[in-house]
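Everything numeric here is computed off the predicted structure, so don't read it as measured data.
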Amino acid sequence: QQHGWIASHGRKVFRTVNGGSSWQVYPVTIPAPENINAIHFLDTLTGWACANYGGLYKTIDGGVTWTAHGSPVASIAVGWNFRMPPMKVQ
């Protein structure tokens with residue numbers, strides 16, 4: 001897996017497609033004044049971001065577009081934990 005993401009202050013997100021050798025600023029379109037506090041991708045297309053004020057956003061196109069989802073948190077969320085099924089090792 002060569003893809004990686006970093007959430008940073010000021011609504012900035014950085015993406016790598018070469019295992020971290022280089023990083024590019026990646027625009028994320030979520031409503032202001034939300035700042036992304038954490039970002040997690042399940043694969044190269046499907047990802048989740050949590051933001052200030054309980055914002056929870058999902059992308060299914062590699063971060064090009066984001067859709068708001070309900071969140072049980074009404075204040076600043078600093079991270080989410082995703083439990084994934086075990087992967088088969090061949």
Side-chain angles (χ1 to χ4, degrees):
Q1 177 86 356
Q2 296 290 308
H3 292 250
W5 297 81
I6 297 173
S8 180
H9 181 71
R11 298 171 52 99
K12 288 189 179 175
V13 171
F14 298 87
R15 180 179 79 156
T16 183
V17 294
N18 57 17
S21 293
S22 63
W23 294 85
Q24 294 80 37
V25 175
Y26 198 83
V28 175
T29 54
I30 62 170
E34 299 269 45
N35 279 316
I36 295 174
N37 297 321
I39 193 166
H40 177 81
F41 273 74
L42 304 175
D43 54 41
T44 58
L45 295 176
T46 308
W48 293 86
C50 69
N52 294 359
Y53 313 110
L56 180 62
Y57 301 89
K58 180 182 181 183
T59 182
I60 57 172
D61 57 12
V64 175
T65 60
W66 295 83
T67 304
H69 286 263
S71 168
V73 179
S75 60
I76 296 175
V78 294
W80 294 94
N81 187 9
F82 292 86
R83 186 168 191 158
M84 296 173 28
M87 297 178 71
K88 292 181 181 178
V89 178
Q90 298 179 359

Over 12 non-hydrogen atoms of neighbours within 6.0 angstrom of CG in Leu45: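 Yes, enclosed.
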For Trp66, ring pair (Phe, Tyr, Trp, His ring centres under 6.0 Å) partners two or more places apart: none
Listed partners of Lys12 passing side chain to side chain contact (heavy atoms under 4.5 Å, CB included), at least two apart: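 Here the qualifying residues are Ser8, Phe14.
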With Thr16 via side chain to side chain donor-acceptor pair (under 3.5 Å) - residues at least two apart: Asn18
Could you give the distance from [atom1] ([X]) to [atom2] ([Y]), rounded to the nearest 0.5 Å?
X	Y	atom1	atom2	result
Lys58	Trp48	NZ	CH2	5.0 Å
Trp5	Thr59	CH2	OG1	7.5 Å
Thr44	Gln2	OG1	CD	12.5 Å
Ile60	Asp43	CD1	CG	10.5 Å

Is there a path from [X] to [Y] through hydrophobic residues (I, L, V, M, F, W, Y) whose side chains come within less than 4.5 Å of each other?
X	Y	value
Phe41	Tyr26	yes
Ile39	Trp23	no
Leu42	Val17	no

Side chain to side chain contact (heavy atoms under 4.5 Å, CB included) assessment of Thr65 paired with Tyr57: CA-CA 10 Å; Thr65 60; Tyr57 301 89; over 6 Å; no
